[in-house]
Amino acid sequence: MDIHQLRLLRELGERGSLAAVARALHVSPSAVSQQLTALQRRVEVPLTERRGRNLVLTGAGRSLAEAAAQISVAMSSAEQAVSRYVQDPTASVTACAFNSAALAFFGPLLDDLAGADNPRLLCHDRDVGQDEFPALTADFDLVVAHRLQHSPPWPSSLTVIPLLQEPLDIAMSEQHRLAGQAALSVAELAEQQWISVQDGYPLVSALDSIAAHAGRPLNISHRINEFSTAASIVAASDAVALMPRHTAAPQPGSRVVLKPLSGLQLTRHVDILCRPEALHRTAVQKVVAALQDRAAQARQRISQPPARKVVDAGTTSG
């Protein structure tokens, strides 16, 4: 049964006439009559009857009106519960991120949101291809995703909050013959052994761009998704790899250096994806604000050339 129609039946029982109900709800008497007629079609016994010039409730109508009052109480309670949930700054928020973003952001976020007045952040990592990120918004409040600069935009049905535009640098051993240069050209890199990622992940198209500018296929020796594994291979060989400047989580003591690429700009966008209704919640808004603060700090580091920055953890695919 329609809740609005039940409300009209209840109002008729309490106010005594169609005209009184219409005045109270700022509608026409004919509109009230039409809705009550539609409600009557859903039950087998009369709900109203004429007494003189007034329309009044029958015994069945009064029983249904009493049930309508109980339904109204339940609906009000439900609405208040939703309101408390939406406005609760300490409610749980689920967030997922590709692996290197999870490594870069989740620990600091949990520190930032420690305390009784903050949301309870539940963290998940997902190592997926670019096309699979939007679907994750059905399972998580916030999804930290990445795409390359010239790749298709995210679906317009989602809310997209930009976090970072992060350069992709060339990772190589500090013993590599090119490690002393300030920057590397495409021509110099075309002859190198490369570590790529598995097919379907965003960095594949970046490597394709390097190959296109070089005018020849790259020599792919290894396909590794984890940055920590890729970094260990880079450190122990002449192979090179693409790695993000910040979210590769550099660690002191590694034998890997990052070098900027000259003549070709390779950048990835790191964004928050979510369904629009998720941002109605106060707790979700607080997590977004904390992520934006951490991203602002990262942007300051990203603006500096990598020099001899080292890499030791993370995931190449994410």
Side-chain angles (χ1 to χ4, degrees), residues 98-105 107-108 127 146 148-149 164-198 201-214 216-268 270 294 297-318:
F98 59 92
N99 292 351
S100 58
L103 181 65
F105 289 125
D127 186 21
H146 64 129
L148 293 186
Q149 186 169 6
L164 298 173
Q165 292 186 38
E166 184 174 26
L168 300 176
D169 293 320
I170 308 300
M172 60 177 50
S173 167
E174 62 184 9
Q175 303 300 322
H176 196 285
R177 63 181 181 82
L178 299 177
Q181 298 185 191
L184 301 172
S185 68
V186 170
E188 291 172 317
L189 294 168
E191 300 178 356
Q192 304 302 312
Q193 293 185 56
W194 279 88
I195 301 173
S196 181
V197 293
Q198 306 297 334
Y201 290 87
L203 291 190
V204 170
S205 60
L207 292 169
D208 289 343
S209 295
I210 295 175
H213 280 73
R216 54 179 287 187
L218 298 181
N219 177 17
I220 305 297
S221 299
H222 314 281
R223 291 191 178 272
I224 304 294
N225 270 20
E226 286 198 357
F227 272 142
S228 55
T229 305
S232 67
I233 294 175
V234 166
S237 70
D238 287 334
V240 298
L242 277 178
M243 292 189 182
R245 184 173 296 177
H246 171 67
T247 52
Q251 296 289 333
S254 171
R255 300 190 304 276
V256 176
V257 293
L258 297 184
K259 298 291 179 177
L261 180 63
S262 63
L264 177 61
Q265 184 179 14
L266 295 179
T267 304
R268 73 170 177 178
V270 179
R294 284 293 172 176
Q297 297 174 36
R299 282 195 297 272
Q300 295 178 359
R301 294 190 290 271
I302 287 171
S303 64
Q304 302 299 320
R308 292 183 61 81
K309 187 179 288 185
V310 291
V311 179
D312 194 41
T315 61
T316 306
S317 62

From H146 atom NE2 to L164 atom CG, the distance as rounded to the nearest 0.5 Å: 12.5 Å
Close side-chain approach of Q192 and M172, heavy atoms under 4.5 Å: no
Closest heavy-atom pair and its distance - V257, E174: CG1-CB, 4.1 Å
Under 3.5 Å, which donor-acceptor pairs link side chains of residues 179-189 to any protein atom two or more places apart or in another chain?
| unit_1 | atom_1 | unit_2 | atom_2 | d |
| --- | --- | --- | --- | --- |
| Q181 | NE2 | A183 | O | 3.2 |
| Q181 | NE2 | E188 | OE1 | 3.2 |
| Q181 | NE2 | E188 | OE2 | 3.1 |
| S185 | OG | E188 | N | 3.2 |
| S185 | OG | E188 | OE1 | 3.2 |
| E188 | OE1 | S185 | N | 3.0 |

Side chain to side chain donor-acceptor pair (under 3.5 Å) pairs, two or more places apart, involving residues 203-213: none
Worked verdict on E166 versus R268 for salt bridge (charged side-chain N to carboxylate O under 4.0 Å, His left out): CA-CA 5 Å; E166 184 174 26; R268 73 170 177 178; 3.2 Å; yes
Note, F98 side chain near D127 side chain (heavy atom, < 4.5 Å): no
Nearest-0.5 Å distance, CG of residue L258 to CE of residue M243: 7.5 Å
Beyond-backbone contact of R255 with H176, side-chain heavy atoms, under 4.5 angstrom: no
Within-4.5 Å side-chain heavy-atom neighbours: N99 and E226: no
Sub-4.5 Å side-chain heavy-atom contact between S237 and Q193: no
Where S196 and I220 come nearest, the two heavy atoms and their spacing: CB-CG2, 3.7 Å
Any donor-acceptor pair under 3.5 Å from R223 side chain to V197 backbone: yes
T267 side chain near L148 side chain, heavy-atom distance below 4.5 Å: no
Atom pair OG/CG of S173 and L178 - distance to nearest 0.5 Å: 11.0 Å
Non-hydrogen atoms of V256 and A171 that approach each other most closely: CG1-CB, 3.9 Å
Rounded distance (nearest 0.5 Å) linking atom OG of S232 with atom CD1 of I224: 8.0 Å
Distance in Å, I195 CD1 paired with T229 OG1, rounded so as to fall on 0.5 Å steps: 9.5 Å
Side chain to side chain, L261 and L168, heavy atoms closer than 4.5 Å: no
